[in-house]
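Whatever order the structure lists them in is the order used to number ligands and atoms, beginning at 1. Residues: numbered from 1 along the sequence shown.
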Amino acid sequence: MTFAYRALASAGLLAAMGLPALAQTEVKIGYALAPDSHYGVAATKFEEVVKTETGDDFEIKHFPSSGLGGEREVIEGLQIGTVEATIVSSGTLANFVPDTGVFDIPFLFRDLDHARAVLDGPIGQEILAKFDDVGMHGLAWGEQGFRHITNNRSAIETPEDVAGLKVRTMENPVHLAAFNAMGAAPTPMAWPEVISSLQQGVIDGQENPLSVIVSVKLNEVQKYLTLSGHVYSPAVLLVSKPFWEGLSDEQKAAFETAATEAVAAMRGYVDNVETTGVETLKERGMEVNALSAEQKAAFQASIASAYEGYYETYGKDLVDSIVNFD
Ligand code: PAF
């Protein structure tokens, strides 16, 4: 019956037959980056699959480039039900689901495959389920890649090079502790303020993965890029709990399929920019240096005191089980 009605609707015959049009449910999806970023690519794939799976039941409306505000505001919108969906970094997540902060620990993951396996495995899925306790539903973990430092002061090779560096961090206590331990002067700031703060010299630098540095064209406001890979940057596709609870089981399954495909598209974008991004940024005029394994080890040693705090907060067993996950 519903199928027949939908078929008439897609053939444009409802009005001709004097029948009411099918009501479409609007799904506002907010994200911080442009339509051609990894978030935009994922949100577009999400829309495509929802449409394929559910026909005209939903209209996905995109709000890219922080069109609904910073990530914290969008998450709060999900909780109160004024926004239906978002793709966000782990920036402010720990303020909502404290356990997510464990994935923000620097030098935790060996490489992208290791991070993806943990997030898609039991540890990641158990933490994802905790969004249900705070007014949201976690559909799937995505990612941005490994974060690197950009700045306008000098190339960074040792922890001494970041001494006193005014580096913008996400509003994330785990990152903040690491940059404090390194001896930098970290400034937590919501993303929508970052570009103007870099332009005005309020901060010297920031840190983000190649996916962001390339898609935002940070080369226009930053001279030096240091491939520090100091921390993996997860992203997550969330929907509002009130919205989720209003879906039928069939629709929930469709959204789950769409989320799986969306994060696969996001990871595909990241894989691509990880291989092409450095060349692109050099062509755009950035001075790029990569930390050697030895230099990286010096940075890791510089945040030993922060690690003590991470063990206290998350438990050494959990941290070790992530590090040793195969
Ligand atoms: O640096 C951040 O705040 C995040 O990585 C960004 C750029 C908003 C993407 O989620």
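Residues passing the side chain to side chain contact (heavy atoms under 4.5 Å, CB included) test with S89, sequence neighbours excluded: Y39, E71, Q144, M170.
A salt bridge links R116 with D271: at least one charged nitrogen is closer than 4.0 Å to a carboxylate oxygen.
Taking the ring centroids of F58 and F46, they lie at or beyond the 6.0 Å cut-off. Between Y31 and H38, the distance from one ring center to the other does not fall under 6.0 angstrom.
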Anything under 3.5 Å between an N or O on ligand 1 and a protein N or O? List each pair with its distance, or write none.
| unit_1 | atom_1 | unit_2 | atom_2 | d |
| --- | --- | --- | --- | --- |
| ligand 1 | 1 (O) | R147 | NH2 | 3.0 |
| ligand 1 | 1 (O) | R168 | NH1 | 2.6 |
| ligand 1 | 1 (O) | N208 | OD1 | 3.3 |
| ligand 1 | 1 (O) | N208 | ND2 | 2.9 |
| ligand 1 | 3 (O) | R168 | NH1 | 3.4 |
| ligand 1 | 3 (O) | R168 | NH2 | 2.9 |
| ligand 1 | 5 (O) | Q144 | NE2 | 2.9 |
| ligand 1 | 5 (O) | R147 | NH1 | 3.3 |
| ligand 1 | 5 (O) | N208 | OD1 | 2.7 |
| ligand 1 | 10 (O) | Y39 | OH | 2.7 |
| ligand 1 | 10 (O) | E71 | OE2 | 2.7 |

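Defined by atom type and a distance below 3.5 Å, a donor-acceptor pair is missing between the side-chain atoms of H114 and Y232.
Ring geometry for W244 against H137 counts as parallel: the plane angle stays under 30°, on a 0 to 90° scale with 60° as the upper cut.
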